[in-house]
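Data block below; observations after.
In what follows, chains carry the letters A, B, and so on, assigned in the order in which the sequence lines appear, proteins first and then strands, with residues in each chain numbered from 1.
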4 protein chains.
Amino acid sequence: MDLAELREQVCQANLALVRAGLVTLSFGNASGVDRDTGALVIKPSGVAYARLRPSEMVVVNLADGAVREGTYRPSSDTPTHLALYRRYPSIGGVVHTHSSFASSWAQAGRPIPCLGTTHADHFHGPVPVTRPLSAVEIEGEYERETGNVIIDALERLGLDPLEMPAVLVLSHGPFTWGAGPAEAVENAIALEAVAAMAYRTTNLERAITPMAALLQERHFRRKHGPAAYYGQPAEHR
Amino acid sequence: MDLAELREQVCQANLALVRAGLVTLSFGNASGVDRDTGALVIKPSGVAYARLRPSEMVVVNLADGAVREGTYRPSSDTPTHLALYRRYPSIGGVVHTHSSFASSWAQAGRPIPCLGTTHADHFHGPVPVTRPLSAVEIEGEYERETGNVIIDALERLGLDPLEMPAVLVLSHGPFTWGAGPAEAVENAIALEAVAAMAYRTTNLERAITPMAALLQERHFRRKHGPAAYYGQPAEHR
Amino acid sequence: MDLAELREQVCQANLALVRAGLVTLSFGNASGVDRDTGALVIKPSGVAYARLRPSEMVVVNLADGAVREGTYRPSSDTPTHLALYRRYPSIGGVVHTHSSFASSWAQAGRPIPCLGTTHADHFHGPVPVTRPLSAVEIEGEYERETGNVIIDALERLGLDPLEMPAVLVLSHGPFTWGAGPAEAVENAIALEAVAAMAYRTTNLERAITPMAALLQERHFRRKHGPAAYYGQPAEHR
Amino acid sequence: MDLAELREQVCQANLALVRAGLVTLSFGNASGVDRDTGALVIKPSGVAYARLRPSEMVVVNLADGAVREGTYRPSSDTPTHLALYRRYPSIGGVVHTHSSFASSWAQAGRPIPCLGTTHADHFHGPVPVTRPLSAVEIEGEYERETGNVIIDALERLGLDPLEMPAVLVLSHGPFTWGAGPAEAVENAIALEAVAAMAYRTTNLERAITPMAALLQERHFRRKHGPAAYYGQPAEHR
């Protein structure tokens, strides 16, 4: 992929987070990766969204995290993004937000249970929460360790990152990912919608149990994998 | 009715769902039917709302569900729409959304009780929830069976679909309908407003009981049936 | 006052309710009165807000409720407005909405307690809820009786309508009023804000007690009556 | 600083509160101060936001509160702003709102606990609530006393106002501040986001405990003080 094209995609992904109402002030960031050239493109740290341009995206080496191009400092969460891309070759975009409902579940330390088909369409089972970071992890390379506990959360449960494209970082907020930046944004939007409905469902019915496993499976497979029949065939996408 | 006119109505109905805030990503769909020519017009599956055009609506045979016109695949929920149109000749439009508050009641498995006049103006009694689908129904023709449990929910309670133009599908979300696509959209909007107020009322007062039956009846009949006096006489509508 | 000017004010008041997010579909209406000519100007019943024009407002006799000018039927809630204007010569505008938080309190049958200065700035004490309508009242002149129970709620508590410019109709929603249509709208907006905060406060703290009486009084008198010092002196308003 | 420039900044800060959804009707005000000339610039009292112009801002003496320039009366909360500026030379902007979630915590009389990194990024510990005002304070110079209880709340806990740039006034709402008007607005926006998430977290998990102290510290120091590494170095801000 052309680096100019990736800059454009990553800039659009960051702006899409704002349009979707997932971003307050400058919390949140989106990135994309070009596996061929080992380039990670990410939002600059603490820059106002209103003035975000493709040319302002920062290009970082996937291998060592060094800035390759860009006048700005990359997002301070860059080491978290790097950890995820390095561990999972299948992902091409990562998003981090402090979206209100998903972060409320993260703050409560509770996985989001699968209570309905909106959830089952996007996430294969409950959305996990990370374990607490240790004192050493917090005082050490904190952002890289945040990536590591996300990976731990997926691996502890044996999850494929493309079937569970979201993890809640305890006392923090969600990270989502996907095949590219646009898919990572879509998963961030779906996660916030799912988190809001799960919050309201739980308030209505404290003793709620997850939806039928078979129905979860049917919905997930309607949209994912070889038997998917939701949406258009490849030539119309 | 002209098929071009119905395409336009159905396209407008889908866009109205977005404007009303009932749609996240591409969840949700609206359809309309022309009884004379046996044509169902419905949104294509998984197409972004931003680019929706009347010409992209898919035309399907009401009788056998075969695609009559259209380059796109119809909504994967088409068999649910077909089941409703076939069973109820009085309805001319169907809408499905995952709107946040109504879906939260569906996820909680609780009918929406009639707590006030906004509800009584639109829905004649509590809005029902479907029974769980069986394993055979989930693994079989799932979307058609979804239509069947909606019909079951209405028939179990002896409800006329134009007096109860909404059912919550368990662990999923609402379907609404009406004389045409615009009326189905109006009922989807009213349902979400009613679901939000019932949610908040229930949080304020856990022991809430339904409103007085006589008042429910008065409000429903103010807007529906021969003694209706809400709105304008036919010549001004 | 010129009737054309009052039509304009009433039309603007109805549109302001939509802009403030207090209206779903066509629920809600605003009116104004000209005491000199005994004319009530009110929104037509069930007309879409998008096409509302001053010329479409309906003019009704304050004395007997007969339509004086207008091609449309007046709001079906007109008898409620008439009852309030006839009983209280001090009010010049009335608004009815089904705004979400205020209606949730009405549905719960609970007065909105005075929990903070936003409330105390606008409403002198808890916002009352009406008693249930009797079967005879519901089956009789229902809308006029709705006005009567609002008046009952104020008189039972000895309230001046300009110091308590809002009442919640049980199982229904709020009516507000003021010196003119714009003030009635302002009170409807303040009521919804106050209702939302009281809802959230109650969820945070179930055992909440009203704010200190002296502080309530200080805030109300900062804005109302001879010692008011909030806002600009008359020449700058 | 040029007074025209400060008028512009203060006007922009007031308008930014509206754009951020923190203001209903005319509740809320922002001010800024020029230490060199001892001038406080503040929003006029009760003027509609739609017509706010820099020329309408009121200039008041920091020393004695007398109006130096302006045709309008200054915000009735001016004595609260004055008290804060006089006590804390480090602050250059103050904001007051009745934003919905933060005011709900103020009405509940509960400090906002630090439950996640969004909070820790902006506020160094739980956001305090003031003690009740005494009868003498309410009946005396009420607005100045409001400033005094804010100062009390900070001093009782030994807090630096730039590390805790927000206090909730009991039964009222939040005051925030910062190096200038824009920073005070940013803190008001962050506070409302944090208040909403803490509300939802508390509803999900009644027994929630604050986040790990070490993680709070790490996040606060990522953005504040000599070891900060969030955002851009000074030359790019």
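- Using a 4.5 Å cut-off between heavy atoms, B/P132 does not touch chain A at all.
- For chain A, the nearby parts of B/E139 are the backbone and the side chain; heavy atoms of each come within less than 4.5 Å.
- Relative orientation of the B/F27 and A/H122 rings is tilted, given thresholds of 30° and 60° on the angle between their planes.
- Closest heavy-atom contact between B/T24 and A/A193: CG2-CB, 4.1 Å.
- Between B/Q107 and A/I208 the shortest side-chain heavy-atom distance does not fall below 4.5 Å.
- Between A/R222 and B/Y142, the shortest heavy-atom distance links the atoms NH1-CE2, 4.2 Å.
- With a threshold of 4.5 angstrom between heavy atoms, A/H119 does not approach chain B through any atom at all.
- When all heavy atoms are compared, the tightest approach of A/R218 to B/I138 is NH1-O, 2.9 Å.
- Per-residue heavy-atom pair counts under 4.5 Å with chain B were compared for A/M211, A/H219, A/K223, A/Q216, and the maximum is reached by A/H219.
- Counting heavy atoms of neighbouring residues, nucleotides and ligands inside a 6.0 Å radius, atom CD of A/E217 exceeds 12 of them.
- Closest non-hydrogen pair, A/G231 versus B/R73, comes out as O-NH1, 3.1 Å.
- To the nearest 0.5 Å, the span separating CZ on B/R206 from CZ on A/R206 amounts to 6.5 Å.
- For the pair B/H98/A/T117, a side-chain contact is recorded, criterion being any heavy-atom separation below 4.5 Å from C-beta on.
- In this structure, B/S100 and A/Y199 have side chains that are not in contact, with every pair of non-hydrogen atoms separated by 4.5 Å or more.
- Contacts between B/S26 and chain A at a heavy-atom distance below 4.5 Å involve backbone atoms as well as side-chain atoms.
- Here the shortest heavy-atom pairing between A/N203 and B/N203 reads O-OD1, 3.9 Å.
- For the pair A/R200 (side chain) and B/A196 (backbone), a donor-acceptor distance under 3.5 Å is absent.
- Judged by distance alone, with hydrogens and angles left aside, the side-chain atoms of B/S171 form no donor-acceptor pair with the main-chain N or O of A/G116 at under 3.5 Å.
- B/R110 places a side-chain N or O within 3.5 Å of a backbone atom of A/L204 that can act as its donor or acceptor partner.
- Looking at A/A190, both its backbone and its side chain come within 4.5 Å of chain B, counting heavy atoms on both sides.
- Contacts of B/V169 with chain A are absent, with no heavy-atom separation under 4.5 Å from either backbone or side chain.
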